Number of protein chains: 2
Amino acid sequence: MSELPEWLNEFPELATIDDPAWTRAIENSSTVVLPPDYEVFHEGDACKNYIFVLDGATRVYKLFESGREMVLYRLGRGETCSLTTSVLLAGGLYPANAVTEAETRAVLIPAREFHEVFNSSTIFRDYVCRVFGGRIRDMIMLLEAVTMRNVNIRLARWLLNNRSPENTVEVSHRELAFELGTAREVISRHLREFEKTSWVRLSRKNIELIDNQSLSDLVSGAR
Amino acid sequence: MSELPEWLNEFPELATIDDPAWTRAIENSSTVVLPPDYEVFHEGDACKNYIFVLDGATRVYKLFESGREMVLYRLGRGETCSLTTSVLLAGGLYPANAVTEAETRAVLIPAREFHEVFNSSTIFRDYVCRVFGGRIRDMIMLLEAVTMRNVNIRLARWLLNNRSPENTVEVSHRELAFELGTAREVISRHLREFEKTSWVRLSRKNIELIDNQSLSDLVSGAR
DNA sequence: CATTGTTTGTAACTAAGTCACAAACAGGTA
DNA sequence: TACCTGTTTGTGACTTAGTTACAAACAATG
């Protein structure tokens, strides 16, 4: 265990695994650096690797038959992809797509080695299952969000959660619509409302939050 | 292996397991018969048992903060509950509710024994993971259905899929609304439309399908 | 047959989502 | 610079879904 690869720093629990299958998995792993907008996997693809994300940002989204797109979740530093887990464990093909949003470093463990560690190491198995199990909860929350009618509240919440330190959000209305699972025009309408009341200032691909308090009040139901 | 319990007939794969932990799990299992409308678990409950459903019907649903109710999935003969799996594997508390709709026979394996077999038997583990993994796909499909705007199409599909051999559906409008994640009035409106065009005949808690072809055409987009 | 709770019908209203554009803008190229 | 092209945003008219607040019909029970 003296030559643990550096990337395991991001996954402290896994660093404690002492198992030959794990050693083999690490030996057969490969580190990749994916450029922005790289398509990690498509709906219908088979799954060849388990994925540890070291750094960067990747969007996992579903393209519905209606043409509407919906973000299921995002992967960042120290995370693993639940859909990949699902496909590896349950078989079948990817039911959604993933694309990098920023340059992303990741470690890939081939499916074969993944299964071996999964069967051999309790620690690894616990880790994989825990991450995976958490995602069902997330999906239920997503369901709740989507069935909730008030887009303005969800929009305000999203803006507050995703604002930069300078209190701005650099995103187009179209992208926001994907995030919230709604239509571009609906987003535009609400943003214009927010602008009328001076809660935000709008410019191309940029939203500047001005009155965070009011936005926050809206989210918490105070108005 | 000469004294396999009879209920394993419903789970043929599991009958092949030859593992002391599995034997122990079976020994410590209990068979229960739950009356209709029995509340199997609530949101916020801890999970004490893995559940094999032998027979009957159980509805797993989420009660949203808005007060709206939404059916996540149903359990029937030969199935196991994914949310239970999720909670057992990932920890935490039940994120939804379950209630029997008909008298339901089930076998309960205590959490402790479940974990032991899960760690010990590859066959058992594969089974659990496969069932579990499949549910994420279902949830994504549910998401798609909910974001799809045309309630009439989803309603027609539901009626066709759930009709009795006599071509009727015994269900109230309120229950249908829960199934499809919408409001009772919306269901009533569409059913009345269906009745106007003589696709169905309505009476209290009963919908008789008359023109399955037209309903089916609606589903497949032919009108 | 009166009471009670459930189921269904209805109308008026608000919000979301769609459609079909037009206008503004950014980046490259002649 | 002026032009072209693709993207982003604005807008209005329209359809559908969801909400609110009832009333009426019905089933079961005492």
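This one's a predicted model, so the numbers in the text were calculated from it and none came from an experiment. Residue numbers begin at 1 in each chain, while the letters A, B, ... track the order of the sequences.
- Qualifying side-chain contact (heavy atoms from CB on, under 4.5 Å) partners for B/Val53, counting only residues two or more places apart in sequence or in other chains: B/Ile51, B/Leu75, B/Thr104.
- A/Thr168 meets the side chain to side chain donor-acceptor pair (under 3.5 Å) test with A/Ser164; sequence neighbours excluded.
- Remark: A/Arg174 engages A/Ser172, A/Phe178, A/Arg184 in a side-chain contact (heavy atoms from CB on, under 4.5 Å) (not counting sequence neighbours).
- Residue pairs satisfying the salt bridge (charged side-chain N to carboxylate O under 4.0 Å, His left out) criterion with at least one member in residues 195-210 of chain B, sequence neighbours excluded, are listed as follows: B/Glu193-B/Lys196, B/Arg201-B/Glu208.
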I'd like a table of donor-acceptor pairs (distance under 3.5 Å, sequence neighbours excluded) in which one partner is a side-chain atom from residues 134-145 of chain A, with atom names and distances.
from: A/Arg135; atom 1: NE; to: A/Ser82; atom 2: OG; distance (Å): 3.0
from: A/Arg135; atom 1: NH1; to: A/Asp138; atom 2: OD2; distance (Å): 3.2
from: A/Arg137; atom 1: NH1; to: B/Leu93; atom 2: O; distance (Å): 3.2
from: A/Arg137; atom 1: NH2; to: B/Gly91; atom 2: O; distance (Å): 3.3
from: A/Glu144; atom 1: OE2; to: B/Glu65; atom 2: N; distance (Å): 3.0

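- Following rounding to the nearest Å, B/Ile207 (CD1) and C/dG9 (C1') show an atom-to-atom distance of 15 Å.
- Ranked by how close their nearest DNA chain D nucleotide is to the 5' end, B/Gly181 and A/Ser188 are led by A/Ser188.
- To the nearest angstrom, P of C/dT8 lies 10 Å from CG of B/Asn206.
- Not counting sequence neighbours, the partners of A/Glu43 by the side-chain contact (heavy atoms from CB on, under 4.5 Å) test are A/Lys62, A/Asn97.
- Position along DNA chain D of the nearest nucleotide to A/Glu195 versus A/Thr147 favours A/Glu195 as the more 5'-ward residue.
- The distance between the ring centers of A/Phe132 and B/Phe132 falls below 6.0 angstrom.
- Between the CZ atom of A/Arg184 and the C1' atom of C/dA22 there is a distance of 11 Å, rounded to whole Å.
- Distance, A/Phe178 CZ to C/dG17 P: 14 Å, rounded to whole Å.
- C/dG17 atom P lies 16 Å from atom CD1 of B/Ile153, rounded to whole Å.
- Atom CG of B/Leu191 and atom P of C/dT8 are 9 Å apart (whole Å).
- Across the protein-nucleic acid pair, B/Leu180 atom CG and D/dG18 atom C1' stand 14 Å apart, rounded to whole Å.
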For nucleotides 5-7 of chain C, tabulate all protein N/O to nucleotide N/O atom pairs closer than 3.5 Å, reporting atom names and distance.
from: C/dT6; atom 1: O2; to: B/Arg204; atom 2: NH2; distance (Å): 3.1
from: C/dT7; atom 1: O4'; to: B/Arg204; atom 2: NH2; distance (Å): 3.4

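- In this structure B/Glu113 satisfies the salt bridge (charged side-chain N to carboxylate O under 4.0 Å, His left out) test with no other residue, sequence neighbours excluded.
- Between B/Arg192 and C/dT8, a side-chain N or O to OP1/OP2 separation shorter than 4.0 Å is absent.
- Between B/Tyr127 and B/Phe11, the two ring planes are perpendicular [angle over 60°; tilted spans 30° to 60°].
- Between B/Glu185 atom CD and C/dG9 atom P the separation is 11 Å, expressed in whole Å.
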Detail all sub-3.5 Å separations between protein N/O atoms and N/O atoms belonging to nucleotides 14-16 of chain C.
from: C/dA15; atom 1: O4'; to: A/Arg149; atom 2: NH2; distance (Å): 3.0
from: C/dA16; atom 1: OP1; to: A/Arg149; atom 2: O; distance (Å): 2.6
from: C/dA16; atom 1: OP1; to: A/Val151; atom 2: N; distance (Å): 2.7
from: C/dA16; atom 1: OP2; to: A/His190; atom 2: NE2; distance (Å): 3.1

